[in-house]
Amino acid sequence: VKQENIRNFSIIAHIDHGKSTLADRILELTGLLTDRDKKEQYLDRLELERERGITIKAQTVRIPYRARDGQDYILNLIDTPGHVDFSYEVSRSLAACDGALLVVDATQGVEAQTMANVYLALDHDLEIIPVLNKIDLPSADPLRIAEEIEEIVGLDCSDLSLVSAKTGEGVADLMEKIVHLTPAPRGKKDDPLKALIFDSWYDSYLGVMVLFRILDGSIQRGQEIMMFSNRKRFEVAKLGIFSPGPMDTDCLYTGEVGFLCAGIKDLKEARVGDTITNPARPADSPFPGFKRVQPMVFCGLYPVESEDYDGLKNALERLQLNDAALEFEAETSQALGFGFRCGFLGLLHMDVIQERLEREFQVSLIATAPSVVYKVHRVDGEVLEVDNPANLPPVQEIDEVREPYVRMEIHVPNEFVGNVLSLCEEKRGQQKDLRYLSSTRVIITYEIPFAEIVFDFFDRLKSVTKGYASLDYEVLDFRRADLVKMDILINQEPVDAMSVIVHREKAYHKGRSLALKLKRVIPRQLFEVIIQATIGNKVIARERTPPMRKNVTAKCYGGDITRKRKLLEKQKEGKRRMKKMGSVEIPQEAFLAALSSD
Ligand code: GTP
């Protein structure tokens with residue numbers, strides 16, 4: 001194929017607006033998807049993704065297409081992950097494109113994720129083609145939504161594509177638009193090799209698979225390549241394209257999209273965003289914007305059964321093979337035993353990993369409350385990054401603590417505006433903007449501490465808006481705040497797994513509610529149990545559970561011997577499931593209840 005007949009594009013959309021369905025329809029129309037494949041949406045692979053209805057790992061396809069002008073084109077549909085946690089991956093996938101279909105659900109309109117994706121696409125100067133999907137539905141309102149797109153997104157909608165990804169209506173015309181509106185790849189075929197990695201994953205047979213787009217030059221099987229960021233060299237053992245299954249090729253040229261395997265063992269050596277070049281004739285500079293993604297949210301993960309520790313370690317190692325953003329290190333807790341401190345890109349990433357650990361690897365987990373990363377400026381001038389309350393230095397050594405802030409955009413029907421504003425105010429947010437998207441829908445912009453949304457924000461937002469809000473956020477900066485470490489003491493002994501870093505004003509409320517919750521879940525003991533929440537030496541909440549008066553064990557005696565034995569065995573079993581809180585042993589379930597947010 002000639003370079004001028006290549007079109008690299010992706011589909012961007014808010015969750016559920018029909019990205020995967022449209023991709024399937026395009027594959028079907030061009031004969032790439034057979035009936036057998038149709039059962040499963042090709043572009044949504046992992047079972048978990050399907051269940052949660054989100055795309056996590058990008059998957060890309062080459063589509064041969066003969067246009068109505070009689071010419072043959074190569075369309076590379078580059079898939080993008082569908083969640084805010086993966087925005088860096090999205091930005092790299094978009095960087096590999098020249099155009100994007102902006103899919104908007106004609107019954108819903110512009111949502112927060114739509115805008116987030118549009119901003120990213122505009123950053124890369126992509127030609128954006130607006131598409132209204134689901135026009136087969138009676139509630140579709142194309143005129144209103146077209147106005148919304150013109151107004152809010154600023155795209156010309158005079159020639160808007162109206163499609164139904166479900167019935168296929170309008171998709172053939174859309175293909176023509178892709179060919180005629182998306183610019184052909186620029187780039188020089190005689191320049192030194194420069195290729196952008198926009199996805200990579202670990203294959204148990206082939207090692208690391210790298211997906212890339214060639215910006216300049218060409219790449220051949222057998223040649224040596226070099227990663228720009230770490231100068232590591234590899235020999236290309238396998239080169240190919242997905243169409244939709246993998247197909248080997250000997251050479252790929254400027255503008256093309258493909259995969260390679262080069263005996264790379266570790267995903268960290270072929271990171272998304274890095275540039276591939278030819279060490280024999282290297283490019284002057286890499287593609288700009290490479291960064292190592294940093295985990296933003298941390299929590300402790302502990303096996304429920306201590307003998308599952310090795311299993312958990314194994315499972316984390318295996319997940320990490322395929323997830324360069326997942327971090328973990330061993331950690332010990334007095335209360336929970338041996339476990340791991342784990343770092344995630346965001347809350348969704350954390351949920352997905354926890355679920356996979358429990359489901360695919362069958363380890364039951366206890367997770368401590370999630371924490372963000374704080375920048376702690378010590379009086380001696382040193383700056384520490386603290387993601388674990390246990391590592392916060394003593395108060396007298398701290399000059400100031402800075403916490404991450406995010407810029408958050410919430411789209412919501414106007415009847416819920418009041419609820420959303422009070423929720424954001426409660427969460428220490430500062431309102432930056434409030435705009436009417438139409439007479440019924442509003443965009444609210446806040447700057448808000450990330451820690452506040454890590455806690456229970458999504459659930460609260462959902463409940464105060466009856467599920468009608470959509471939200472997107474990006475990390476802004478670190479800001480000084482009056483943050484303190486709050487400990488929970490049971491009979492004077494701190495329960496390490498329950499310590500949290502909180503804003504001082506929130507500490508009292510949180511301390512009281514935690515202490516109360518613990519009082520409710522800790523069974524009465526033979527002795528008095530005192531539960532305290534403290535900041536430094538100061539007690540901010542206190543609850544007391546009185547000792548049991550009667551000798552309840554008396555009940556156990558008498559009766560036949562088998563029953564007694566059963567009871568004893570049951571107790572032994574129960575013993576294992578106990579977690580120690582200071583001198584008090586409490587049932588597993590109680591611990592979980594106390595750790596869960598509400
Ligand atoms: P994520 O993968 O979560 O980003 O979602 P998505 O944007 O890929 O949405 P998906 O294609 O999974 O579609 C979401 C839902 O809308 C599914 O139940 C589809 O069957 C449905 N859907 C998609 N396109 C159409 C359409 O044109 N008409 C109708 N009626 N339903 C559609």
Side-chain angles (χ1 to χ4, degrees), residues 9-29 32-33 37-61 77-87 89-91 93-94 97 100-118 120-121 128-142 145-146 149 160-175 177 199 244 345-349 351-352 355 411 458 462 467-472:
F9 74 106
S10 67
I11 307 178
I12 58 182
H14 187 72
I15 285 169
D16 274 349
H17 283 200
K19 185 176 79 173
S20 312
T21 313
L22 180 61
D24 279 358
R25 205 58 61 236
I26 290 175
L27 297 193
E28 202 182 287
L29 201 87
L32 274 193
L33 201 68
D37 306 326
K38 252 191 257 173
K39 268 185 241 123
E40 296 173 33
Q41 285 187 343
Y42 179 73
L43 294 173
D44 258 316
R45 278 196 168 168
L46 293 170
E47 177 204 357
L48 195 66
E49 284 185 18
R50 222 174 356 258
E51 263 175 42
R52 301 180 69 114
I54 43 160
T55 311
I56 298 162
K57 204 80 203 147
Q59 185 63 44
T60 289
V61 216
L77 169 53
I78 295 176
D79 197 15
T80 54
H83 191 274
V84 50
D85 285 0
F86 303 92
S87 64
E89 274 84 348
V90 178
S91 90
S93 298
L94 293 179
C97 295
L101 304 182
L102 174 68
V103 173
V104 179
D105 186 330
T107 68
Q108 303 286 321
V110 174
E111 296 284 352
Q113 195 73 45
T114 320
M115 291 310 294
N117 282 318
V118 167
L120 288 175
I128 301 178
I129 304 173
V131 180
L132 278 192
N133 187 32
K134 307 200 188 180
I135 54 154
D136 58 294
L137 292 175
S139 53
D141 190 352
I145 312 278
I149 297 176
L160 189 63
S161 294
L162 302 180
V163 309
S164 164
K166 190 174 171 187
T167 66
E169 187 184 344
V171 179
D173 289 338
L174 179 59
M175 301 291 293
K177 268 200 194 157
D199 196 8
L345 290 177
L347 286 174
L348 175 94
H349 189 212
D351 280 354
V352 168
E355 245 180 84
H411 292 219
F458 299 127
K462 215 169 162 180
Y468 280 112
S470 70
L471 159 146
D472 190 77

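Remember, it's a predicted structure, so these values are computed and weren't measured experimentally. Read the numbers this way: they start at 1 and go in the same order the structure lists the ligands and their atoms.
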Problem set entry | Atom indices of ligand 1 within 4.0 angstrom of Ile15 heavy atoms, with elements | 3 (O), 4 (O)
Exercise. Which ligand 1 atoms are under 4.0 Å away from a heavy-atom of Asp136?
Worked result: 26 (C), 27 (O), 28 (N), 29 (C), 30 (N)
Exercise. Taking it one step at a time, do Asn117 and Val90 satisfy side chain to side chain contact (heavy atoms under 4.5 Å, CB included)?
Worked result: CA-CA 8 Å; Asn117 282 318; Val90 178; 3.8 Å; yes
For this session: Give the numbers and elements of all ligand 1 atoms closer than 4.0 Å to a heavy atom of His14.
Result: 7 (O)
Exercise. Would a 4.5 Å heavy-atom cut-off, applied to side chains only, mark His17 and Asn133 as touching?
Worked result: no
Problem set entry | Val163-ligand 1 polar pair, N/O distance under 3.5 Å | no
Exercise. Are any non-hydrogen side-chain atoms of Ser470 and Gln113 less than 4.5 angstrom apart?
Worked result: no
Exercise. Ring pair (Phe, Tyr, Trp, His ring centres under 6.0 Å) with His411: which residues, sequence neighbours excluded?
Worked result: none
Problem set entry | Polar contact flag for Gly18 and ligand 1 (N/O pairs, less than 3.5 Å) | yes
Problem set entry | Qualifying residue, where the test is side chain to side chain donor-acceptor pair (under 3.5 Å) with Lys134 and the options are Asp16, Asp105, Thr21, Thr107 | Asp105
For this session: Would you indicate whether Lys166, at its atom NZ, is surrounded by more than 12 heavy atoms from other residues, nucleotides or ligands within a distance under 6.0 Å?
Result: no
Exercise. Of Thr80, Thr107, Asp16, which has the heavy atom at the shortest distance from atom 5 (O) of ligand 1?
Worked result: Asp16
Exercise. With a 4.0 Å heavy-atom cut-off (strictly under), which part of Lys19 contacts ligand 1: side chain, backbone, both or neither?
Worked result: both
Exercise. At a non-hydrogen distance cut-off of under 4.0 Å, which region of Ala165 contacts ligand 1 (side chain, backbone, both, or neither)?
Worked result: both
Exercise. Stepwise, does the side chain to side chain contact (heavy atoms under 4.5 Å, CB included) test hold for Leu22 with Val171?
Worked result: CA-CA 8 Å; Leu22 180 61; Val171 179; 4.1 Å; yes
Seminar exercise, completed: Note: Leu137, heavy atoms under 4.0 Å from ligand 1, region reported as side chain
